[in-house]
Amino acid sequence: MLTERYVTVALDVPLPQCFDYLLLQGEVAVGERVVVPFGRQTLSGVVLAVHGETPQVAKLRAVESIPGDMPALPSDVIALCRFCADYYAYPIGAVFAAAIPGAFRQAQPWPGFEAAMAYVAPDVEALLAALSPRAHKQRALALQLAQPLAVEAIRAVAGDAMRWVRDWQESGLVVQTRQSAVALQCAPSASPALNDEQAAAVAAVNAAQGYSPMLLYGITGSGKTEVYLQAIAATRAAGHQALVLVPEINLTPQLEARFRARFPGEHIVSLHSGLADGERVRGWLAAGEGRAGIVLGTRLAVFTPLPRLGLVVVDEEHDPSYRQAEGFRYSARDAAVYRARLRDVPVLLGSATPSLESWRNAQEGRYRLLTLRQRAVSGAMPPKIELVPIQRARMVDGFSEYVLAAMRSTLAASGQVLVFINRRGYAPVLSCHECGWISSCKHCSAKLVLHLAERRLRCHHCGYDIRVPLACPDCGNHDLKPLGHGTQRVEAVLAELFPDANVLRIDRDSTRRRGALGEMLRQVHAGEADILVGTQMMAKGHDFPGLQLVVVLNADTGLFSVDFRAEERLFAQLLQVAGRAGRAGKPGRVLIQSMYAEHPFYHALVAGDYAEFADAQLTERRSLALPPYAAWAVLRAEAKQLASALDFLREAASLLAGYPVHVATPVPAAMARKAGWERAHAVISADARPPLQAALRLLAAHYAEAAPRGVRWALDVDPQEF
DNA sequence: AGCACGCCGACT
DNA sequence: GTCGGCGTGCTC
């Protein structure tokens, strides 16, 4: 008797459930994709079950087609996606959609499919028998087809070899198959000698059996990357694949170059959002077919199928960019740890300033702590961090005399200076010194930022953009002046103060053009720039051998934030910029201008002692029952009227009345108005995970069923910013 | 999220 | 007269 077959499909729609379809013909495995009718549209979805149980739904429709271009997602990737959908209370189909390359979310088959396949002759003798004895090239190809052969390899035999293969395929002598799953194994090029601490760390990683989370805590310049490289060499020698996550796309090229130099001939795949669709699919397939030995990528790479995964590395694990800020708000760091657990492999988290979550896990023994205290680069010395109190100092355009003197002497000795601006909450706005008018956005509760070069005022949140007014709109005064010191203002001030110096500004605006950042970095390396002015992006990864002095202008703004994580972020950021100085044999000097030089925060910073800072922070968090000692989520709401957003949040709070969670009073968000929408949120907290999860599941299910009118809402589990 | 259906204002 | 505004309802 022929039983009917059904498939359960995860579709990319904002609904928490999966959808069942009748499978009339063809074969499909769990983890493959199918194209199905959905309402009036046709969508691609991932198959989560194939079964014979009649689904209890009013209307059942049939699978439209099985493209067959995407290899089935392995069970650990499926389990990871399911976990994320549950943990982040995010629609399951949307999680799967995020986990696979864009080409496989289309209803059409991936156009590069044919070229990515290989061909094999199941019976070479039969194929040879069908060929003319004089067709030497064909016979040579037939012999090669004993092993699966990629299209490029077939084309290399003869220009029209693919035509022969298609003929043979029609007569069943050759079949299409996936490329053979043999990863190249190659010895790494000579590795530098390790110091004792590095050697101990590598030995610990290599000795780890099964799931073993490790936190590699090492100051800037202590050689964390070398530990990764040597641990990966051992992983590769054992025939396993390594997954390496990096925070940002800008950092991949550098690290990729270092990996390629160390592992020549190795198939290294780099996966990030800047990749063209085809490239991403090819890399993803190479990883999933086991041909790639090392996968290097940004957060979405955490979902890459890896049949022989042996080690997971998360570099700069504290970095905020591991967290997706929009839509599917997941933490790739946490997902990587969960994945390592699913696959029962070691996971190495590295940082000079670990997240307090990881620090606590290490303190409580859940993560093994591997510490690198010494600088590995010979001759490198830690930078000398000095605080420059400015509450009574004479200031020249935002710079204290002391700092200017230090800059002058550094420049006189032909050293480079970096002026770092902590831009968070500190933008150059235009103000009227007569009546106090300040340029603000029509749609947001943000200030319009002055872009001097273009003579425009621009909102960094919604893109609202106007010409700089000639006079104050309120009182007509013509003397409008910038307030605060944005990068452009600082650049202008420095050009005036140091007319002989070459000032280079590196920020989002000046590097927007493709290749601009690379060109600027080249100028810095070539010594063509004397003073660099920059924001966050300067702090990350880039090495500036000539840099001798770092000046931090307005660190304090992060010190008194409503966001309890602001100090943690500021510490990481300042230590990271400090690390830019003095890496090439000369000790660097870091000057931090501050109104609050006595603040305990700066004690630990000047000592470069993250452990002291982290321990103090954890003590405080514990006493206040803040994360990581409590489970937090934020319910965010946006509406045209603030009152509707607040009403929605109050209603949601009442829904959770019976749950062992605490819902804080809804408050307007820090940026209360954005692009014409009023924003508010409510913190939902619990002393343990399970009750929080249960509450979030209820909320998500309730509002998916009955969408609130006029209110956009989102859940943010383990929120990082407020 | 799409994509329909549905019932009110200014245009060929 | 109808083109189109976006409110709300549904999708196996």
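Throughout, protein chains are lettered first and strands after them, A, B, ... in sequence-line order, and every chain is numbered starting at 1.
Going from atom CG of A:L43 over to atom C1' of C:dC12 covers 12 Å, rounded to whole Å. For the pair A:D12 CG and B:dG2 P, the interatomic distance rounds to 8 Å; values are reported in whole Å. One interatomic measurement links the two molecules: CZ of A:F38 to P of C:dC12, which rounds to 6 Å at whole-angstrom precision. The CD-C1' distance, from A:Q17 to C:dT11, rounds to 9 Å in whole Å. Between the CD atom of A:E705 and the P atom of C:dT8 there is a distance of 17 Å, given to the nearest Å. The nearest whole Å value for the distance from the CG atom in A:L15 to the P atom in B:dG2 is 12 Å. Rounded to an integer number of Å, the gap from A:Q41 CD to B:dC3 P is 5 Å. The interatomic distance linking A:Q106 (CD) with B:dG2 (P) rounds to 12 Å, in whole Å.
Within the 4.5 Å cutoff, no side-chain heavy atoms of A:P719 are placed close to those of A:H681. Counting only heavy atoms from C-beta outward, the side chains of A:R679 and A:R712 never approach each other to under 4.5 Å.
Among the protein residues, A:P14 comes within range of the nucleic acid bases, having at least one heavy atom under 4.0 Å from a base atom. Residue contacts shown for A:Y21 are limited to sugar-phosphate atoms, with no base heavy atom under 4.0 Å away. A:P37 comes within 4.0 angstrom of the backbone, heavy atoms only, and of no base.
Taking the charged nitrogens against the carboxylate oxygens, A:D716 and A:R323 do have a contact shorter than 4.0 Å, which makes a salt bridge.
Taking the six-membered ring wherever Trp is involved, the centroid distance between the rings of A:Y338 and A:Y330 does not fall below 6.0 Å.
The side chain of A:V13 lies closest to B:dA1 when the candidates are B:dA1, B:dA4, C:dC12.
OP1 and OP2 of C:dG7 both lie 4.0 Å or more from every side-chain N or O belonging to A:R709.
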